[in-house]
Amino acid sequence: MSVMRLLLVTCIVLAAPAWAEDVPPPSTSVSAAAAVPEAARELPQVHRRLRHDQIQVKRLQRDVAKQESDSRRASERLQQQDRAIAELQRQLRQVQANQAGEAQH
């Protein structure tokens, strides 16, 4: 048990400097005050970018809706053509059957 404690303490002592490097220094009121104007200067750019992105999203939504509509229309045309082909095939079989019947008489 004491070996485990010794090992734990050794690990903590060895890791402490590395942890200390990762900890940012405490912020002062000067750096916090400087951050506010910087954020205020960036805010119009953020708003412009947001408006640009919103416009782009709406454009993409319109494009997708148009593509979906075009796809539905194309699918309907293909179904109509399939029905027409099936009807023509039926008529062809009927004509062939009539000709075969006449040839036997």
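The first residue in the sequence is number 1, and the count goes up from there. All figures in this text were calculated on a predicted structure; none of them were measured in a lab.
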Handout entry: Distance, nearest 0.5 Å, that separates OG of S71 from CD of E76
Key = 10.0 Å
Donor-acceptor pairs under 3.5 angstrom involving side-chain atoms of residues 58-69: please list them, not counting sequence neighbours.
from: R59; atom 1: NH1; to: D63; atom 2: OD2; distance (Å): 3.3
from: K66; atom 1: NZ; to: D70; atom 2: OD2; distance (Å): 2.9
from: S69; atom 1: OG; to: R73; atom 2: NH1; distance (Å): 3.0

Problem - Euclidean distance, Q54 CD relative to H47 NE2, rounded to 0.5 Å - result: 10.5 Å
Exercise for the section: Output all residues satisfying side chain to side chain contact (heavy atoms under 4.5 Å, CB included) with D82, sequence neighbours left out; order by chain, then residue number. Expected result: none
Please set out all donor-acceptor pairs under 3.5 angstrom arising from side-chain atoms of residues 89-96, sequence neighbours excluded.
from: R90; atom 1: NE; to: E87; atom 2: OE1; distance (Å): 3.2
from: R90; atom 1: NH2; to: E87; atom 2: OE2; distance (Å): 2.5
from: Q91; atom 1: NE2; to: E87; atom 2: OE2; distance (Å): 3.0

Completion exercise
The side chain to side chain contact (heavy atoms under 4.5 Å, CB included) partners of Q45 (sequence neighbours excluded) come to E42, R48
